[in-house]
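So the structure is just underneath, and the comments pick up after that.
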Amino acid sequence: MKYEVLNHNNAVCTVTDADIEEAVKSGEPLPRAIVQAMGKTHDDKYLEYMYPILYHEVNYMRMDAAQSIFNLNGRKGLDALKKRERSIDSSSFDRFPSEKAVLIAMIIRIEEGTEGILRYFRSEDGLDIVKYCLLSYYSSGYDYKEEDIHLISIVLREFIDKKLKRVKKVPREDWIEFVYFALDSLLIAALETEILTRMSDEASRDLVNVFQQILADKATNDMKELMSDISKSMKRDYALDILRNLKGKTGGGDARRAYKNALKHFNITEEEI
(Lines give C-alpha, C1' and ligand atoms only; values in the text may rest on other atoms or scores of the structure.)
Protein backbone atom coordinates (compact mmCIF):
# COMPACT_ATOMS: atom_id res chain seq x y z
CA MET A 1 0.00 0.00 0.00
CA LYS A 2 0.98 3.61 -0.54
CA TYR A 3 0.13 6.42 1.89
CA GLU A 4 0.19 10.17 1.27
CA VAL A 5 1.58 11.87 4.37
CA LEU A 6 3.47 14.98 5.49
CA ASN A 7 7.20 15.07 6.11
CA HIS A 8 9.17 17.27 8.53
CA ASN A 9 8.98 20.14 6.04
CA ASN A 10 5.18 19.86 5.98
CA ALA A 11 5.32 18.76 2.34
CA VAL A 12 3.24 15.90 0.96
CA CYS A 13 5.17 12.71 0.25
CA THR A 14 4.41 9.02 -0.37
CA VAL A 15 5.30 6.19 2.01
CA THR A 16 4.87 2.48 1.27
CA ASP A 17 4.48 -0.54 3.54
CA ALA A 18 8.03 -1.49 2.59
CA ASP A 19 9.26 1.95 3.72
CA ILE A 20 7.55 1.45 7.09
CA GLU A 21 9.12 -1.97 7.64
CA GLU A 22 12.53 -0.68 6.62
CA ALA A 23 12.23 2.20 9.11
CA VAL A 24 11.29 -0.24 11.89
CA LYS A 25 14.21 -2.57 11.13
CA SER A 26 16.69 0.31 11.04
CA GLY A 27 16.18 1.01 14.73
CA GLU A 28 16.60 4.72 14.02
CA PRO A 29 14.15 7.36 15.37
CA LEU A 30 11.03 7.30 13.22
CA PRO A 31 10.57 10.34 10.94
CA ARG A 32 7.28 12.15 10.79
CA ALA A 33 6.21 10.61 7.48
CA ILE A 34 6.58 7.09 8.89
CA VAL A 35 4.65 7.97 12.06
CA GLN A 36 1.75 9.28 9.99
CA ALA A 37 1.89 6.35 7.56
CA MET A 38 1.80 3.82 10.39
CA GLY A 39 -1.48 5.34 11.54
CA LYS A 40 -2.94 4.92 8.09
CA THR A 41 -2.19 1.18 7.92
CA HIS A 42 -4.87 0.41 10.55
CA ASP A 43 -2.53 -2.37 11.74
CA ASP A 44 -2.27 -2.07 15.51
CA LYS A 45 1.06 -3.89 15.60
CA TYR A 46 2.52 -0.42 15.15
CA LEU A 47 1.00 0.93 18.38
CA GLU A 48 4.11 0.12 20.41
CA TYR A 49 6.19 2.44 18.22
CA MET A 50 3.78 5.34 18.83
CA TYR A 51 3.80 5.33 22.63
CA PRO A 52 7.33 6.78 23.14
CA ILE A 53 6.67 9.46 20.50
CA LEU A 54 3.85 10.85 22.67
CA TYR A 55 6.72 12.40 24.68
CA HIS A 56 8.77 13.64 21.71
CA GLU A 57 10.34 17.09 22.09
CA VAL A 58 8.57 18.34 18.95
CA ASN A 59 4.86 19.14 19.28
CA TYR A 60 3.75 17.99 15.83
CA MET A 61 5.45 14.63 16.39
CA ARG A 62 3.54 14.14 19.64
CA MET A 63 0.25 15.06 17.97
CA ASP A 64 0.95 12.81 14.97
CA ALA A 65 1.66 9.93 17.34
CA ALA A 66 -1.61 10.53 19.22
CA GLN A 67 -3.55 10.66 15.96
CA SER A 68 -1.92 7.46 14.74
CA ILE A 69 -2.80 5.70 18.01
CA PHE A 70 -6.38 6.91 17.61
CA ASN A 71 -6.50 5.70 14.00
CA LEU A 72 -4.86 2.34 14.69
CA ASN A 73 -6.81 1.25 17.77
CA GLY A 74 -7.86 3.96 20.18
CA ARG A 75 -9.35 1.50 22.62
CA LYS A 76 -6.11 -0.47 22.83
CA GLY A 77 -4.04 2.70 23.11
CA LEU A 78 -6.38 4.43 25.56
CA ASP A 79 -4.20 4.02 28.66
CA ALA A 80 -1.22 5.55 26.87
CA LEU A 81 -3.30 8.53 25.70
CA LYS A 82 -4.68 9.03 29.22
CA LYS A 83 -1.23 8.87 30.77
CA ARG A 84 0.08 11.45 28.31
CA GLU A 85 -2.91 13.74 28.89
CA ARG A 86 -2.42 13.61 32.68
CA SER A 87 1.25 14.51 32.26
CA ILE A 88 0.45 17.81 30.54
CA ASP A 89 -0.04 20.85 32.78
CA SER A 90 -3.38 22.66 32.65
CA SER A 91 -1.58 25.80 31.55
CA SER A 92 -1.48 24.25 28.06
CA PHE A 93 -5.19 25.06 27.76
CA ASP A 94 -4.09 28.65 27.21
CA ARG A 95 -2.24 27.73 24.01
CA PHE A 96 -3.86 26.92 20.68
CA PRO A 97 -3.80 24.31 19.43
CA SER A 98 -3.92 22.77 22.90
CA GLU A 99 -2.36 19.31 23.01
CA LYS A 100 -4.15 18.52 26.27
CA ALA A 101 -7.55 19.57 24.86
CA VAL A 102 -7.09 17.43 21.74
CA LEU A 103 -6.15 14.40 23.85
CA ILE A 104 -9.21 14.90 26.06
CA ALA A 105 -11.40 15.01 22.94
CA MET A 106 -9.87 11.75 21.73
CA ILE A 107 -10.37 10.10 25.12
CA ILE A 108 -14.04 11.16 25.25
CA ARG A 109 -14.62 9.78 21.75
CA ILE A 110 -12.97 6.45 22.58
CA GLU A 111 -14.66 5.98 25.96
CA GLU A 112 -18.10 7.48 25.34
CA GLY A 113 -18.54 7.41 21.57
CA THR A 114 -20.27 10.10 19.53
CA GLU A 115 -22.94 10.42 22.24
CA GLY A 116 -20.27 11.47 24.73
CA ILE A 117 -18.91 14.06 22.32
CA LEU A 118 -22.39 15.56 21.90
CA ARG A 119 -23.01 15.59 25.65
CA TYR A 120 -19.77 17.47 26.23
CA PHE A 121 -20.46 19.89 23.39
CA ARG A 122 -23.95 20.71 24.68
CA SER A 123 -23.03 20.83 28.35
CA GLU A 124 -22.81 24.09 30.28
CA ASP A 125 -19.88 22.51 32.10
CA GLY A 126 -16.51 21.56 30.69
CA LEU A 127 -13.89 23.70 29.01
CA ASP A 128 -14.54 25.81 25.93
CA ILE A 129 -11.13 24.94 24.49
CA VAL A 130 -11.98 21.23 24.70
CA LYS A 131 -15.39 21.85 23.10
CA TYR A 132 -13.62 23.67 20.28
CA CYS A 133 -11.39 20.60 19.74
CA LEU A 134 -14.13 17.96 19.89
CA LEU A 135 -13.86 17.16 16.17
CA SER A 136 -10.10 17.61 15.90
CA TYR A 137 -9.34 13.88 15.67
CA TYR A 138 -11.18 13.60 12.34
CA SER A 139 -8.09 13.55 10.23
CA SER A 140 -6.43 11.74 7.35
CA GLY A 141 -6.29 8.01 8.01
CA TYR A 142 -9.33 7.89 10.27
CA ASP A 143 -11.80 5.11 9.47
CA TYR A 144 -15.03 7.10 9.18
CA LYS A 145 -18.39 5.48 9.97
CA GLU A 146 -21.90 6.84 9.40
CA GLU A 147 -22.10 7.83 13.06
CA ASP A 148 -19.13 10.13 12.52
CA ILE A 149 -20.81 11.90 9.60
CA HIS A 150 -23.97 12.18 11.68
CA LEU A 151 -22.00 13.70 14.56
CA ILE A 152 -20.32 16.28 12.33
CA SER A 153 -23.73 17.19 10.85
CA ILE A 154 -25.28 17.69 14.30
CA VAL A 155 -22.40 19.78 15.64
CA LEU A 156 -22.38 21.91 12.48
CA ARG A 157 -26.12 22.49 12.78
CA GLU A 158 -25.82 23.52 16.42
CA PHE A 159 -22.98 25.86 15.52
CA ILE A 160 -25.21 27.40 12.87
CA ASP A 161 -28.39 27.55 15.00
CA LYS A 162 -26.46 29.32 17.79
CA LYS A 163 -28.99 28.24 20.41
CA LEU A 164 -26.28 27.29 22.90
CA LYS A 165 -25.12 30.23 25.00
CA ARG A 166 -21.47 29.45 24.34
CA VAL A 167 -21.94 29.34 20.57
CA LYS A 168 -23.77 32.68 20.60
CA LYS A 169 -20.63 34.29 22.02
CA VAL A 170 -18.25 32.82 19.43
CA PRO A 171 -16.62 35.57 17.30
CA ARG A 172 -17.36 35.40 13.57
CA GLU A 173 -13.75 34.51 12.71
CA ASP A 174 -13.80 31.55 15.15
CA TRP A 175 -17.19 30.48 13.79
CA ILE A 176 -15.78 30.48 10.25
CA GLU A 177 -12.73 28.49 11.32
CA PHE A 178 -14.80 25.85 13.15
CA VAL A 179 -17.23 25.39 10.26
CA TYR A 180 -14.40 25.27 7.73
CA PHE A 181 -12.52 22.54 9.58
CA ALA A 182 -15.70 20.53 10.15
CA LEU A 183 -16.32 20.64 6.38
CA ASP A 184 -12.69 19.74 5.78
CA SER A 185 -13.21 16.64 7.95
CA LEU A 186 -16.08 15.66 5.67
CA LEU A 187 -13.84 16.19 2.63
CA ILE A 188 -11.25 13.81 4.12
CA ALA A 189 -14.02 11.25 4.58
CA ALA A 190 -15.07 11.80 0.97
CA LEU A 191 -11.56 11.44 -0.45
CA GLU A 192 -10.34 8.53 1.66
CA THR A 193 -13.44 6.40 2.23
CA GLU A 194 -16.71 5.49 0.53
CA ILE A 195 -18.84 6.38 3.55
CA LEU A 196 -20.71 9.25 1.83
CA THR A 197 -21.98 6.93 -0.90
CA ARG A 198 -22.79 4.12 1.53
CA MET A 199 -24.59 6.05 4.25
CA SER A 200 -28.37 6.05 4.61
CA ASP A 201 -30.72 8.36 2.72
CA GLU A 202 -31.60 10.02 6.03
CA ALA A 203 -27.95 10.86 6.71
CA SER A 204 -27.50 12.12 3.15
CA ARG A 205 -30.57 14.37 3.40
CA ASP A 206 -29.31 15.64 6.73
CA LEU A 207 -26.00 16.64 5.18
CA VAL A 208 -27.74 18.44 2.31
CA ASN A 209 -29.87 20.39 4.80
CA VAL A 210 -26.83 21.35 6.87
CA PHE A 211 -25.02 22.61 3.77
CA GLN A 212 -28.08 24.67 2.88
CA GLN A 213 -28.05 26.22 6.35
CA ILE A 214 -24.37 27.07 6.04
CA LEU A 215 -25.02 28.78 2.71
CA ALA A 216 -27.84 30.78 4.27
CA ASP A 217 -25.47 31.92 7.02
CA LYS A 218 -23.01 33.75 4.75
CA ALA A 219 -20.76 30.85 3.81
CA THR A 220 -17.29 31.84 2.69
CA ASN A 221 -15.98 30.92 -0.76
CA ASP A 222 -13.66 28.40 0.91
CA MET A 223 -16.70 26.68 2.42
CA LYS A 224 -18.46 26.64 -0.96
CA GLU A 225 -15.40 25.08 -2.53
CA LEU A 226 -15.40 22.33 0.09
CA MET A 227 -19.12 21.66 -0.40
CA SER A 228 -18.64 21.22 -4.14
CA ASP A 229 -15.71 18.88 -3.61
CA ILE A 230 -17.61 16.85 -1.01
CA SER A 231 -20.64 16.50 -3.29
CA LYS A 232 -18.61 14.45 -5.80
CA SER A 233 -18.44 11.58 -3.30
CA MET A 234 -22.15 11.56 -2.46
CA LYS A 235 -25.08 9.75 -4.04
CA ARG A 236 -26.03 11.55 -7.23
CA ASP A 237 -29.46 12.86 -6.21
CA TYR A 238 -28.19 14.40 -2.97
CA ALA A 239 -25.07 15.76 -4.66
CA LEU A 240 -27.21 17.51 -7.26
CA ASP A 241 -29.33 19.03 -4.48
CA ILE A 242 -26.15 20.54 -3.03
CA LEU A 243 -25.07 21.84 -6.43
CA ARG A 244 -28.51 23.37 -7.04
CA ASN A 245 -28.18 25.21 -3.72
CA LEU A 246 -24.75 26.45 -4.80
CA LYS A 247 -25.89 27.58 -8.25
CA GLY A 248 -25.19 31.27 -8.78
CA LYS A 249 -23.47 31.60 -5.39
CA THR A 250 -19.91 30.47 -6.03
CA GLY A 251 -18.54 33.70 -7.47
CA GLY A 252 -15.13 33.22 -9.08
CA GLY A 253 -11.82 31.61 -8.23
CA ASP A 254 -11.39 28.22 -6.59
CA ALA A 255 -15.01 27.96 -5.45
CA ARG A 256 -16.24 28.41 -9.01
CA ARG A 257 -13.71 25.91 -10.37
CA ALA A 258 -14.71 23.32 -7.77
CA TYR A 259 -18.38 23.84 -8.64
CA LYS A 260 -17.73 23.40 -12.37
CA ASN A 261 -15.66 20.28 -11.69
CA ALA A 262 -18.49 18.81 -9.64
CA LEU A 263 -20.96 19.44 -12.45
CA LYS A 264 -18.55 17.78 -14.89
CA HIS A 265 -18.17 14.82 -12.51
CA PHE A 266 -21.92 14.20 -12.74
CA ASN A 267 -22.02 14.95 -16.48
CA ILE A 268 -24.49 17.78 -16.12
CA THR A 269 -24.39 21.44 -17.10
CA GLU A 270 -25.24 24.44 -14.95
CA GLU A 271 -28.23 25.13 -17.18
CA GLU A 272 -29.57 21.59 -16.73
CA ILE A 273 -29.26 21.46 -12.96
Side-chain angles (χ1 to χ4, degrees), residues 1-8 12-88 97 99-117 120 130 133-152 185-186 188-196 198-199:
M1 287 283 290
K2 293 182 179 180
Y3 312 98
E4 278 200 352
V5 293
L6 298 177
N7 62 22
H8 284 283
V12 176
C13 63
T14 300
V15 171
T16 67
D17 287 322
D19 294 330
I20 295 173
E21 289 304 310
E22 185 178 338
V24 169
K25 290 176 183 176
S26 74
E28 297 293 323
L30 298 177
R32 184 186 195 189
I34 296 295
V35 171
Q36 288 194 359
M38 282 180 167
K40 291 190 173 189
T41 66
H42 298 143
D43 188 338
D44 62 15
K45 72 179 183 181
Y46 294 121
L47 279 172
E48 63 179 292
Y49 300 101
M50 297 297 104
Y51 298 148
I53 302 174
L54 288 173
Y55 299 88
H56 197 282
E57 61 182 7
V58 178
N59 178 270
Y60 66 71
M61 290 292 289
R62 297 195 299 270
M63 295 311 302
D64 284 349
Q67 184 66 50
S68 286
I69 290 169
F70 188 83
N71 289 350
L72 287 169
N73 190 329
R75 180 65 60 181
K76 206 169 181 179
L78 181 59
D79 287 344
L81 293 174
K82 282 185 167 183
K83 183 178 178 180
R84 174 57 187 153
E85 184 274 317
R86 289 193 299 267
S87 75
I88 303 173
E99 181 180 357
K100 190 175 181 74
V102 172
L103 287 169
I104 290 172
M106 288 181 174
I107 291 165
I108 294 171
R109 178 65 179 83
I110 294 166
E111 289 192 312
E112 304 178 42
T114 56
E115 297 84 359
I117 293 292
Y120 198 99
V130 175
C133 293
L134 284 175
L135 302 181
S136 60
Y137 47 79
Y138 286 131
S139 182
S140 182
Y142 179 76
D143 187 19
Y144 287 80
K145 301 290 190 297
E146 183 168 328
E147 64 178 349
D148 298 302
I149 307 303
H150 185 57
L151 172 64
I152 296 171
S185 297
L186 292 173
I188 293 169
L191 294 176
E192 297 189 358
T193 75
E194 296 180 353
I195 186 61
L196 297 186
R198 291 191 283 105
M199 64 187 188

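Only a predicted model underlies this, so the values are computations on that prediction, with no experimental measurement involved.
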### Task
Give the C-alpha distance, both sets of side-chain angles, the deciding distance and a yes or no for side chain to side chain contact (heavy atoms under 4.5 Å, CB included) between Leu135 and Leu151.
CA-CA 9 Å; Leu135 302 181; Leu151 172 64; 4.1 Å; yes
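- The side-chain tip of Arg109 does not point at the ring of Phe70 from less than 6.0 angstrom away and within 45° of straight on.
- Residues Thr41 and Met1 fail the side-chain proximity criterion, which asks for heavy atoms closer than 4.5 Å.
- Taking the six-membered ring where tryptophan is involved, the planes of Tyr138 and Tyr144 are essentially parallel, since the angle between them stays under 30° and well short of 60°.
- Residues Met61 and His8 form a side-chain contact, since some pair of their non-hydrogen atoms from C-beta on lies under 4.5 Å apart.
- In this structure, the separation between CG on Leu134 and CD1 on Ile152 is 12.0 Å, given to the nearest 0.5 Å.
- Nearest heavy-atom pair, Ile149 versus Ala189, reported as atom, atom and distance to 0.1 Å: CD1-CB, 4.0 Å.
- Taking both residues in full, the closest heavy atoms of Tyr49 and Val24 are given as OH-CG1, 3.2 Å, listed atom of the first, atom of the second, then distance.
- Between Asn71 and Asp143, every side-chain heavy-atom pair lies at or beyond the 4.5 Å cut-off.
- Distance alone, capped at 3.5 Å, places no donor-acceptor pair between the Lys2 side chain and the Thr16 backbone.
- Residues Val12 and Leu6 form a side-chain contact, since some pair of their non-hydrogen atoms from C-beta on lies under 4.5 Å apart.
- Taking a 6.0 Å sphere around CD of Glu112, one finds it holds more than 12 heavy atoms contributed by other residues, nucleotides or ligands.
- With a 4.5 Å cut-off on side-chain heavy atoms, Met38 and Leu30 count as touching.
- A 4.5 Å side-chain heavy-atom check between Leu81 and Ile110 finds at least one atom pair inside the cut-off.
- Side-chain contact between Val102 and Gln67 is absent, with no heavy-atom pair separated by less than 4.5 Å.
- One distance of note links OG1 of Thr114 with CD1 of Ile108; it measures 12.5 Å at 0.5 Å rounding.
- The CG atom of Asn59 lies 5.5 Å from the CD atom of Glu99; values are rounded to the nearest 0.5 Å.
- Of the inter-residue distances, the one linking His56 atom NE2 with Arg32 atom CZ reads 11.0 Å to the nearest 0.5 angstrom.
- The minimum heavy-atom distance between Lys40 and Ser140, with the atom names listed, is NZ-OG, 2.5 Å.
- Using a 4.5 Å cut-off on side-chain heavy atoms (C-beta onward), Lys83 and Arg86 make contact.
- Atoms OH and CD1, on Tyr3 and Ile20 in that order, are 5.0 Å from each other to the nearest 0.5 Å.
- Summarising the local packing, CD of Glu147 is surrounded by more than 12 heavy atoms from other residues, nucleotides or ligands at distances under 6.0 Å.
- A donor-acceptor pair under 3.5 Å links the side-chain atoms of Glu192 to the main chain of Gly141, judged by distance alone.
- Summarising the local packing, CD of Glu4 is surrounded by 12 or fewer heavy atoms from other residues, nucleotides or ligands at distances under 6.0 Å.
- Looking at every heavy atom in both residues, Ala80 comes nearest to Leu54 through O-CD1, 3.8 Å.
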### Query
When you look at Ile69 and Tyr51, which way does the side chain to side chain contact (heavy atoms under 4.5 Å, CB included) test go after all the steps?
CA-CA 8 Å; Ile69 290 169; Tyr51 298 148; 3.7 Å; yes
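- For the pair Ala33 and Val15, the tightest heavy-atom approach, listed with the atom from each and the gap, is CB-CG2, 3.9 Å.
- To the nearest 0.5 Å, the span separating CG on Leu186 from CD1 on Ile195 amounts to 11.0 Å.
- With hydrogens and angles disregarded, a donor-acceptor distance shorter than 3.5 Å links the side chain of Ser87 to the backbone of Arg84.
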